[in-house]
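We name chains A, B, ... by the order of the sequence lines, and we start the count at 1 in each one. Side-chain atoms are counted along with the backbone in the values below, which use heavy atoms only and exclude waters and symmetry mates. All values reported here derive from a predicted model rather than from experimental measurement.
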Amino acid sequence: MDKQKLLQMYYEMVLIRRVEERGAELYQAGKIGGFMHLYIGQEAVSTGLIAAREPRDRVITAYRDHGVAINCGISANEVMAELLGKVTGMSKGKGGSMHMASVEKNMWGGHAIVGGHLPIASGLALGDQYQGNDNVTICMFGDGATNIGYFHEALNVSMAWNLRVLWVCENNQYGMGTAVERASAVSEIRQKAEGYGMKNGRVDGMDVLAVYAAAREAIDYVRRESKPYLLEAVTYRFRGHSMGDPERYRTQEEVKKWQDNDPIGIFRAALLKKKNITAAELDEIEARAEADTQKAVEFAEASPEPGMEELFRDVYVE
Amino acid sequence: MDKQKLLQMYYEMVLIRRVEERGAELYQAGKIGGFMHLYIGQEAVSTGLIAAREPRDRVITAYRDHGVAINCGISANEVMAELLGKVTGMSKGKGGSMHMASVEKNMWGGHAIVGGHLPIASGLALGDQYQGNDNVTICMFGDGATNIGYFHEALNVSMAWNLRVLWVCENNQYGMGTAVERASAVSEIRQKAEGYGMKNGRVDGMDVLAVYAAAREAIDYVRRESKPYLLEAVTYRFRGHSMGDPERYRTQEEVKKWQDNDPIGIFRAALLKKKNITAAELDEIEARAEADTQKAVEFAEASPEPGMEELFRDVYVE
Amino acid sequence: MARITMREAISQALWEEMERDPKVFILGEEVGVWGGTYAVTKGFYDHFGPQRVKDTPIAENAILGAAIGAALVGLRPVAELMTINFAFSAMDYVVNQAPKLRYMFGGQFKVPLVIRAVGGGGRQLGATHSQTPDAVFAHFPGLKVVSPGTPEDAKGLLKTAIRSDDPVLFLEHATMYQVRGEVPEGEYLLPIGQSKIQRPGRDVTVVTYAKGLELSLKAADELAKEGIEVEIVDLRTLRPLDMGPVLESFKKTNRAVIVEEGWRSYGVGAEVAARMYEEAFDYADAPILRVAQKEVPLPYNRTLEQAALPQVSDITAAVKEVLK
Amino acid sequence: MARITMREAISQALWEEMERDPKVFILGEEVGVWGGTYAVTKGFYDHFGPQRVKDTPIAENAILGAAIGAALVGLRPVAELMTINFAFSAMDYVVNQAPKLRYMFGGQFKVPLVIRAVGGGGRQLGATHSQTPDAVFAHFPGLKVVSPGTPEDAKGLLKTAIRSDDPVLFLEHATMYQVRGEVPEGEYLLPIGQSKIQRPGRDVTVVTYAKGLELSLKAADELAKEGIEVEIVDLRTLRPLDMGPVLESFKKTNRAVIVEEGWRSYGVGAEVAARMYEEAFDYADAPILRVAQKEVPLPYNRTLEQAALPQVSDITAAVKEVLK
Ligand SMILES: Cc1ncc(C[n+]2csc(CCOP(=O)(O)OP(=O)(O)O)c2C)c(N)n1
Ligand SMILES: Cc1ncc(C[n+]2csc(CCOP(=O)(O)OP(=O)(O)O)c2C)c(N)n1
Ligand SMILES: [Mg+2]
Ligand SMILES: [Mg+2]
């Protein structure tokens, strides 16, 4: 991968981290409402994944979507504005944290019903197949989402209909407070693909380069063979499920162990091993991410709320 | 297996066949309404399966339930009366062909929503587990039902919760007009169990003795290990999906080929190989099944319709 | 104009729209090789091919999810639910996804989707397969709910629904496919969201739709023999609900009966009655009566089932009651 | 009597019934180790253990299907849906299975099941997570639908629901867990299907339930300052619907406002209004008004969300309107 791309990925990972850290503060300050699910700890997954897509490849994910939005090219300004419910958010403040999308960036949301977006992903891919192109749809979801019927129906038709879908399970070990082993018949999510005769793989979701490599291979396979693929990325969320999680279900030691395995730290170390990248460059990138986050907060705070006319707008096209 | 049991199984298979043949006539005559799904051709599956259960083992199936009802010990009289919508039917004529059940015979229906009874089967088994007994729940369903979300959610929890369920897929090659390959990612239904790490097997569903042997083994495993098992029985329905099926989806040759493979004929031949069973005995059994069917029709025709008081009864207990 | 059946009218609308726009396609259980469980898409598979007449597994969530996804990227899917009862196996897509995606994402998305589904009782299919739960779907903003009572309306409204950029639930009735009526040939569009006087009269206003229209027209004939002239207003669309013609008629007759096949409680009639009183309170000379299904799951037995379903005699009795 | 919160009252009812009857058990997402998403079952897991406080996968069909199956074989499951919005992901069990199994099989089965679910808007959860679709569930015969507005009613009705041999949908409201009220300690049962006067008054009848009660009580206080005495009738149960106290009050005041949090069209108020006119037509001195949610999917933005939800000021305005 060329240096520019590597540095861009590093920038995105740090930006996601900073944006969410500030988001958490603003949530505590009561400026953000509803549910907010932080991606902190999992940045390597969507960053590696989406770095491997072509712009024409579609992305769709669940409610843990701030990182995905930024990786897809949605600006920190829009993300922050949506969190604050401002009209300058990509969803005009009507969607909030769980509903970030951009047709222009080929990012199809941000969906809050667990597993509900998987059949929709099959539909995006069906649409492309119908129109005769070879776009790939990348659908991300959690480990907990693999136990619901939506998952089964979507994976089955993707195989039966030869749809170009890359199914990506972010196995962060828990669905809310329920450990994978307590909810799922199998502890390796990738094994579920066997029931569909679907090609599958498992990758370290804390290592962005490993994710990128696995995603590249999977995307090529999906595009070339016109068949779906299930990729499991093993990762961990450093924060609670959403704001205000009692976290009775895991120990501080466990969390600590994973935090020592920070995807940003891992990536930084890996980059510094390359002789053409210096610590100064990375520091500069971190400073830029910091500054851009600050600008995003200012932009969001300064942005207007949606006017009352927005209340009845867009219920219908006609 | 002892002779009595073998002859009883033969009697049941012939009785199912005769009852449904008469049922088809009565349907054509307009005396039976709604949907009626004939089991003709598949008799070996439920006969072998249910012969292998203990009375305390629960049975639940889909709408193709006349045979299952008879195997469970529900009388031909009650089956025929229910078909005619008479109050002497086991469901008082309020359920019809698709809703045959008997708490006393441990037969829990007869369910018309494809796949909808699978999670309920998990619940029957959960109830037994909760009460600390080792009853097995036998849940039958079609190949088409394995593509719907209900199947996935039910199989997953049965494994995750160590429930005593024997999942039995009657793969009769089609879900209505859709061949297995056109609807399912895999053509061998048993493979779907791999996604749950569930023990599974496949058996010739036209050979009642093979089904019985496979069921015995599976039921023992489920009871002993307190784990679910998926058994696929390969079979075929000789008649249309329900009354009035245009049958555009299959050729007469194909149907003919399978009909030459009649489960009753196969069983009769196998029985005659045993030196302690004579053709005369089997003829006598066939005559008895014929007579009992005739009696059932007379009983049903002579039975009263449910009175108007039944219209509002049993909507609620209280 | 040609005199054709409801089935032919619906079939015609689908065929014409598919011929007109390559983005229109059908998906659902048995829509292809089988030709449609109710033979509505008979011949489509051979003419349009497997991609545009797509047979699916028995997986209602996959069907509606796929349809919504395809609609998001610009196609115009017509998803068929074998019966409306199976909508409960994929309810989230019908009421929680299709109707909300556009609004929730600030107007970025369009969901030009039609969900066709047949409903209704009277065929002895038992409690789970015989429902007319139309009011349930009409409760959700973002969805349009259409339920025609004549072949002409079926054709004109379905063609419009397919061209609509919003999700439309199109409800057909299992016992009305044989109903015949005059239907304009070729291009014929009717606006969604307009009620219509299907029979003029001066004495009592009967508000109804779908199967209720068939029953009400019969009742009207009988009542006419006794000199009672009812005016029948057909809602045709349950959301958006057009009260215009209903109120106009009611202000003339001052008496009304609402006829629906579904259960009375929390049904369509409740909303229509509430609206009539809100908007024409001073015109009511007698309580508005509702003729609807008895509050029981529909039984299999034919006699019991018919006793639970609204009958022509229930309508005539109600009309006479409001005239007392 | 002790002054406790709605959360404590519900928790108490569950705890007492589990202590009383070993056949009663809880299953749902995060009910155990987590202690309940809304902390209603906090401490239950440690006390009753993993079998009686069963954490489940995120699989609403597995949860409700398992609960129905366990109920069929004699247990008394209390299934928790994390929110009522997720009922749409397992709708068939709620409206098509649990309420129909007994009838369909000729009375052979009993389904002693309670489905607890929290609903309601006002927490900026967005369109898919903020609904109050109570009317939709109340449409189905065979199901009982309860939605209490006070801690006392919550305890008494939930305990009765758990002992009922019929399926009961028990609806709680996400913003009412902190509401406090006097609640009898220990054994306390209230019959399902009885409306109740929560505040006596002579001028206008306000019919409501759940969140609407909280808002209506506030409105009543404000109106009292202006000398307007409203009588508040709390439905408490939506099916079976008890019109007795509603009609009694209306026959006295001759003016009524119905308050609900859900959407107006095809909502609870429509049925209640239709019934009031059917049964007390001559007592209506003014059109009955409905205060309800604006017909839009609920937006995330706080200001817009509040503008869509019924407010105390909407109630006071409606009351003054019917008094005009
Ligand atoms: C159908 C449905 N059921 C329950 C919920 C509540 N819920 C939201 S997120 C969540 C956990 C999902 O876990 P997982 O899929 O592993 O994703 P993660 O949060 O770990 O990223 C649950 C139970 C929901 N939103 N939708
Ligand atoms: C949820 C649902 N969708 C669709 C139907 C309509 N339907 C009834 S039977 C059937 C085919 C089922 O095929 P299979 O499971 O293979 O069972 P078989 O009829 O072959 O015994 C279909 C589509 C239904 N009853 N329920
Ligand atoms: Mg997870
Ligand atoms: Mg089959």
Side-chain angles (χ1 to χ4, degrees), chain B residues 58 60 82 87 89-96 98-104 106 108-113 115-132 135 137 148-158 160-161 163 306 310-318, chain D residues 22-23 25 27 50-52 54-75 77 79 89-90 92-93 96-113 140-144 160 163-168 191-193 239-240:
Chain B
R58 310 178 186 281
I60 183 168
E82 190 61 35
V87 73
M90 79 293 286
S91 297
K92 297 189 181 166
K94 289 159 85 169
M98 304 196 287
H99 301 108
M100 304 203 165
S102 165
V103 172
E104 183 203 336
N106 219 349
W108 297 87
H111 295 269
I113 298 298
H117 64 292
L118 277 70
I120 294 175
S122 298
L124 298 174
L126 177 65
D128 283 321
Q129 180 185 62
Y130 189 98
Q131 285 163 323
N135 301 344
T137 293
I148 197 163
Y150 299 123
F151 169 86
H152 180 63
E153 296 193 21
L155 266 71
N156 181 64
V157 294
S158 71
W161 295 347
L163 300 177
E310 278 299 331
L311 182 58
F312 292 99
R313 182 177 292 164
D314 294 325
V315 177
Y316 297 99
V317 176
E318 303 130 5
Chain D
K23 288 188 169 338
F25 74 104
L27 75 167
Q51 186 178 41
R52 297 191 66 194
K54 196 166 183 58
D55 280 321
T56 68
I58 306 160
E60 282 71 18
N61 292 291
I63 294 168
L64 296 185
I68 289 170
L72 288 176
V73 296
L75 299 183
S89 291
D92 203 64
Y93 292 102
N96 217 15
Q97 303 274 1
K100 296 181 169 69
L101 289 175
R102 178 175 179 75
Y103 189 87
M104 207 159 47
F105 290 102
Q108 292 189 74
F109 296 166
K110 273 187 201 168
V111 186
L113 162 71
F140 295 85
L143 190 65
K144 292 179 179 177
T160 303
R163 299 185 196 189
S164 162
D165 280 335
D166 295 307
V168 179
I192 288 171
R239 180 178 283 269

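Only the backbone of D:P22 comes within less than 4.5 Å of a heavy atom of chain B; no side-chain atom from C-beta onward does. Only the backbone of B:R313 comes within contact range of chain D, with at least one heavy atom under 4.5 Å from a heavy atom of that chain. With a 4.5 Å cut-off on non-hydrogen atoms, B:Q131 touches chain D through its side chain but not through its backbone. The part of D:Q97 that comes within reach of chain B is its side chain, from C-beta onward, which places non-hydrogen atoms under 4.5 angstrom from that chain. Both the backbone and the side chain of B:S102 come within contact range of chain D, judged by heavy atoms closer than 4.5 Å. Heavy atoms closer than 4.5 Å to chain D are found nowhere in B:M98, neither backbone nor side chain. Proximity to chain D (any heavy atom under 4.5 Å) is shown, for B:V315, by both the backbone and the side chain. Of the atoms belonging to B:W161, it is side-chain heavy atoms, and not backbone ones, that fall under 4.5 Å from chain D. For a residue to count as touching a neighbouring chain, one of its non-hydrogen atoms must lie under 4.5 Å from one of that chain's; by this rule B:Y150 touches chain D with the side chain only. Using a 4.5 Å cut-off between heavy atoms, B:H111 contacts chain D through its side chain alone, with no backbone atom that close. Contact annotation for B:L311: both backbone and side-chain heavy atoms come within less than 4.5 Å of a heavy atom of chain D. The part of D:L101 that comes within reach of chain B is its side chain, from C-beta onward, which places non-hydrogen atoms under 4.5 angstrom from that chain. For D:K144, the parts sitting under 4.5 Å from any heavy atom of chain B are the backbone and the side chain alike.
Rounded to the nearest 0.5 angstrom, D:L113 CG and D:L75 CG are separated by 11.5 Å. In this structure, the separation between CD1 on B:I60 and CG on B:L124 is 5.0 Å, given to the nearest 0.5 Å. Note that CD1 of D:I68 is 11.5 Å distant from CZ of D:F109, once rounded to the nearest 0.5 Å.
Cation-pi geometry between B:K94 and D:Y103 is satisfied (NZ or CZ under 6.0 Å from the ring centre, within 45° of the ring normal).
In terms of modelled atom types and a separation under 3.5 Å, the side chain of B:E153 and the main chain of B:P119 share no donor-acceptor contact.
Interface summary for chain B: among D:V111, D:L143, D:I192, D:L27, the most heavy-atom pairs under 4.5 angstrom belong to D:L143. Residue with the most contacts toward chain B among D:A62, D:G142, D:A70: D:G142 (heavy-atom pairs, distance under 4.5 Å). Most heavy-atom pairs under 4.5 Å with chain B: of the set D:K23, D:E60, D:K54, this distinction falls to D:K54. Interface summary for chain D: among B:G127, B:A154, B:P306, the most heavy-atom pairs under 4.5 angstrom belong to B:G127. Of all the listed residues (B:S122, B:G149, B:G96, B:A101), the one sharing the greatest number of non-hydrogen pairs under 4.5 Å with chain D is B:A101.
For D:R102 and B:Y316, the side-chain atoms include no donor-acceptor pair closer than 3.5 Å.
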message: For a salt bridge (Lys or Arg N to Asp or Glu O under 4.0 Å) check, start with the C-alpha distance between B:R58 and B:D128, then their side-chain angles and the critical distance, and finish with the verdict.
response: CA-CA 10 Å; B:R58 310 178 186 281; B:D128 283 321; 2.7 Å; yes
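Closest heavy-atom contact between D:S164 and B:E318: OG-OE1, 3.3 Å. Nearest approach of D:A79 to D:I63, heavy atoms of both residues: CB-CG2, 4.2 Å.
Not less than 6.0 angstrom separates the ring centroid of B:W108 from the ring centroid of D:F105.
Within the 4.5 Å cutoff, side-chain heavy atoms of B:Y130 are placed close to those of D:R52.
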